[in-house]
Amino acid sequence: MALRLYNTRTRAVEPFVPIERGKASVYVCGMTPSFHPHLGHARTFLTFDLLCRHLRAQGYAVTYVQNVTDIDDRIIDRSHIEGVPWTDVVARYLGEYEWCATRLGLAQPDVSPRATDEMHGIIAFVQELIDKGAAYETTDGVYFAVESFPSYGQLSRRNIDELRAGERIAVREEKRDPLDFALWKKAKPKEPTWPSPWGPGRPGWHIECSEMCRHYLGGQFDIHGGAADLVFPHHENEVAQTEKVTGLHPMANFWVHAGLLQVDGQKMSKSLGNFIPLKTFLEQHSAAAIRYLFLQTGYRKPSNFTPAALEAAAKGLRGLYSDLESLRSMASQHAASADAVNTPEFDAYLDDDLNTSGAVGWLQKTVRDKRLQAAQRSAAEQAAAAAETVAKADRCLAILGLPLTEHAAGLTAAPGTMALTESQRAALQALVDGSGGFELDDAKLIERVVARRNAERASKNFAESDKLRAELLKAGVVVRDSTSGTEWSFNGSS
RNA sequence: GGCGACAUAGCCAAGUGGUAAGGCAGGGGUCUGCAAAACCCCCAUCCCCAGUUCGAAUCUGGGUGUCGCCUCCA
């Protein structure tokens, strides 16, 4: 079984055949740091993170390039709005993205080039287009002549004539064709500029990706990714620019697009008021839970985010982890032999156009079944069987980007809910007053209350112990009794 | 208006010709001082209509609905 991927270029699921055996070159359109990264960004980059993890697990040497478009109209607009230099805007929002990427466990791209570091290449690229007669200069910039590229519209399946018909009244009278788009924008007042053969200015959108693709991956490479909303015009324009310059087709063998995230059944946007800033979100919720939630949905489908779905995902993942912990303790010191660690069924799901939903379902079922089976066996057999399952599950979870050790803690409670409020403290304090310390930290305080409750239980004073449990619950603390003692935890939403 | 995607149980969601994975929620039971956890059992015929086929959630045609793109967007 080998990887098959849906290819936007051909509108079909096709076997992935790399240009160079054993290698995979991947370019993904990254951030334009002009505003807060949002939950939709997370879905897109998580998708390609998974693709890379799977490719690597299958033995491919992956070169993953994810660019940063750090100069753009919106960045300039934002700097005017905030009254700060455009470089500050970039630093702020890019920093925010990087914080989120770390939190989400996104693998570092092998290269993350920035448009402003590629100016020479970009300018050269534009010049090549002019030399080839595919671009022309006007008083305000340099434009790509769509007419020079007959297959324009192929990737996004647009009809050029219909596009022209629908085009709004051309503002730029100098444009030869309303569809022509800017490669280089000549300087306007209060805008950052770079010197060029056409005078000071800056690149248009699209050109930076064409240049970076060519620079880092060559005129043709394996996979070009991005979110579905980039198919037109961004990727269409990239194709036109690149193929015009290189004369090679296709620019990328596979075009892979991640479905857009919706919130409450609607597109996420600032104007609709359902914009979910990623950093805020990750400060309040488990990164593993959102990752798991996205994995439960096919990457190409539109995904509708709801708090209920997140909650369900967090619980589902927690259950999986819990089963795995049980298996781990059964396995004890027993180690699985390395060659036993393969998961063909799981791999087959991912090979099938990244069927993460099926893969996760298989993992859930397998871990659960194996746990139940192991429990039936003799101690010796049990350890061996459990160790093998644990090793396999660990492998799957690593590919999914959900390693147990890193994420388990974050699932039981969100960071913001880990502490008692003043009133909760006061209430619990009152229950253990007379015991001395009023400088107890939260954990110590809770443990005192739990201890008191256990004392009541020991003396069969159940009415009192239940009252204490209720008090703890009011403070967001859940207690669980077992033969080995009483445990407690915050019941913060994940 | 043009192009496209999607429509499976209360919710999320796999499954592309042979009688519906998984998760969450829910119901019943075992266990427990109670509760939690755990364990056992139960819970859909796949938007509608008409076709093709021995057989369709899966193919074809026609509807209906939701969403997206066509302007900046991950």
Polar atoms only, N or O, under 3.5 Å: list the protein pairs with nucleotides 64-70 of chain B and their distances.
residue : atom : partner : partner atom : Å
rC67(B) : O2'  : Q262(A) : NE2          : 2.3
rG68(B) : OP1  : K267(A) : N            : 3.1
rC69(B) : OP1  : K267(A) : NZ           : 2.4
rC69(B) : O2'  : R158(A) : NH2          : 3.0
rC70(B) : O4'  : R158(A) : NH1          : 3.1

Any-strand Watson-Crick or G-U partner of rC3(B), both distances under 3.5 Å: rG68(B)

Of the options rA35(B), rC40(B), rA74(B), whose atoms approach the side-chain atoms of T32(A) most closely? rA74(B)

Say you pick atom C1' in rU45(B) and the same atom in rA7(B); how far apart are they, in whole Å? 16 Å

Pairing partner of rA74(B), by Watson-Crick or G-U wobble and under 3.5 Å for both distances, is none

Can a donor-acceptor pair be found between the side chains of T63(A) and S25(A) at a distance below 3.5 Å? no

What interatomic distance, in whole Å, is found between C1' of rC42(B) and the corresponding atom of rG10(B)? 16 Å

Just to verify, what does D222(A) make a salt bridge (Lys or Arg N to Asp or Glu O under 4.0 Å) with, not counting sequence neighbours? none

Salt bridge (Lys or Arg N to Asp or Glu O under 4.0 Å) against D229(A), all qualifying residues, sequence neighbours excluded: none

Rounded off to whole Å, could you give me the CE-to-C1' distance for the M268(A) and rA74(B) pair? 9 Å

For rA57(B) and rG18(B), measure between their C1' atoms and round to the nearest Å. 13 Å

Near RNA chain B, which residues from residues 86-97 of chain A have a heavy atom under 4.0 Å away? none

By nearest nucleotide on RNA chain B, pick out whichever of D466(A) and Y299(A) is the more 5' one. Y299(A)

Between atom CG in D72(A) and atom C1' in rA74(B), what is the gap in whole Å? 14 Å

On RNA chain B, more 5' by nearest nucleotide between A309(A) and L372(A) is A309(A)

Could you give the side-chain donor-acceptor pairs of residues 462-472 of chain A under 3.5 Å, partners two or more places apart or in another chain?
residue : atom : partner : partner atom : Å
E464(A) : OE2  : R452(A) : NH2          : 3.3
S465(A) : OG   : F462(A) : O            : 3.1

Specify the separation, in whole Å, of atom CG of L230(A) and atom P of rC72(B). 12 Å

Ignoring backbone atoms, establish whether K301(A) has a side-chain N or O less than 4.0 Å from OP1 or OP2 of rC12(B). no

With rounding to the closest Å, how many angstrom separate the C1' atoms on rG55(B) and rG17(B)? 8 Å

Side-chain H-bond candidate by donor/acceptor type, T32(A) with D72(A), under 3.5 Å: no

Take atom CZ of R318(A) and atom C1' of rA38(B), then tell me their distance rounded to the nearest Å. 16 Å

In whole Å, measure the gap between the C1' atoms of rG65(B) and rU32(B) for me. 50 Å

Looking only at N and O atoms, is any donor in the side chain of R43(A) or the base of rA74(B) less than 3.5 Å from an acceptor on the other one? no

Residue F462(A), side-chain heavy atoms: nucleotide from rC40(B), rG33(B), rC12(B) that is nearest: rG33(B)

F275(A) CZ - rA74(B) P separation (whole Å): 10 Å

In whole angstroms, the gap separating C1' of rC11(B) from CG of L310(A) amounts to 14 Å

Is a donor-acceptor pair below 3.5 Å formed from side chain D481(A) to base rC34(B), judging by atom type as modelled? yes

Using the C1' atom on both, measure rA56(B) against rU66(B) and round to a whole Å. 24 Å

What does H38(A) touch in the nucleic acid at a heavy-atom separation under 4.0 angstrom: a base, only the sugar-phosphate, or nothing? base

Applying salt bridge (Lys or Arg N to Asp or Glu O under 4.0 Å), can you list everything that pairs with R368(A), at least two apart in sequence or on another chain? none

Just by distance, do the side chain of Q364(A) and the backbone of G316(A) share a donor-acceptor pair under 3.5 Å? yes

Is rA50(B) paired to anything, Watson-Crick or G-U wobble with both distances less than 3.5 Å, and if yes, which nucleotide? rU60(B)

Using Watson-Crick geometry (N1-N3 plus N6-O4 or O6-N4) or G-U wobble (N1-O2, O6-N3), each under 3.5 Å, rA38(B) is paired with rU30(B)

Would you say the side-chain atoms of Y64(A) and D49(A) include a donor-acceptor pair closer than 3.5 Å? no

Salt bridge (Lys or Arg N to Asp or Glu O under 4.0 Å) partners of K279(A), counting only residues at least two apart: E283(A)

With under 30° as parallel and over 60° as perpendicular, where do the rings of F45(A) and H41(A) fit, or are they tilted in between? parallel

rU8(B) and rA21(B), which share atom name C1', separated by this distance in whole Å: 12 Å

Expressed in angstrom and rounded to an integer, what is the separation of N237(A) atom CG from rC72(B) atom C1'? 13 Å

Say you pick atom C1' in rC39(B) and the same atom in rC31(B); how far apart are they, in whole Å? 8 Å

Residues forming a side chain to side chain donor-acceptor pair (under 3.5 Å) with E98(A), sequence neighbours excluded: none

For Y349(A), ring pair (Phe, Tyr, Trp, His ring centres under 6.0 Å) partners two or more places apart: none

Using purine N1 to pyrimidine N3 plus N6-O4 or O6-N4 for Watson-Crick, or N1-O2 and O6-N3 for G-U wobble, both under 3.5 Å, which nucleotide pairs with rA21(B)? none

Counting primed atoms plus P, OP1 and OP2 as sugar-phosphate and everything else as base, spell out the protein contacts along nucleotides 15-25 of chain B at 4.0 Å heavy-atom distance: B, S or - for each nucleotide, 5' to 3'. S-----BBSSS

Should the side chain of R157(A) and the base of rG4(B) be counted as holding a donor-acceptor pair, with the cut-off at 3.5 Å? no

Taking side chain to side chain contact (heavy atoms under 4.5 Å, CB included) as the definition, give me every residue that meets it alongside N7(A), ordered by chain and number, with sequence neighbours left out. R9(A), T10(A), E14(A), F254(A), W255(A)

Roughly, in whole Å, what's the span from CD in E236(A) to P in rC3(B)? 16 Å

Residues in ring pair (Phe, Tyr, Trp, His ring centres under 6.0 Å) with F48(A), at least two apart? none

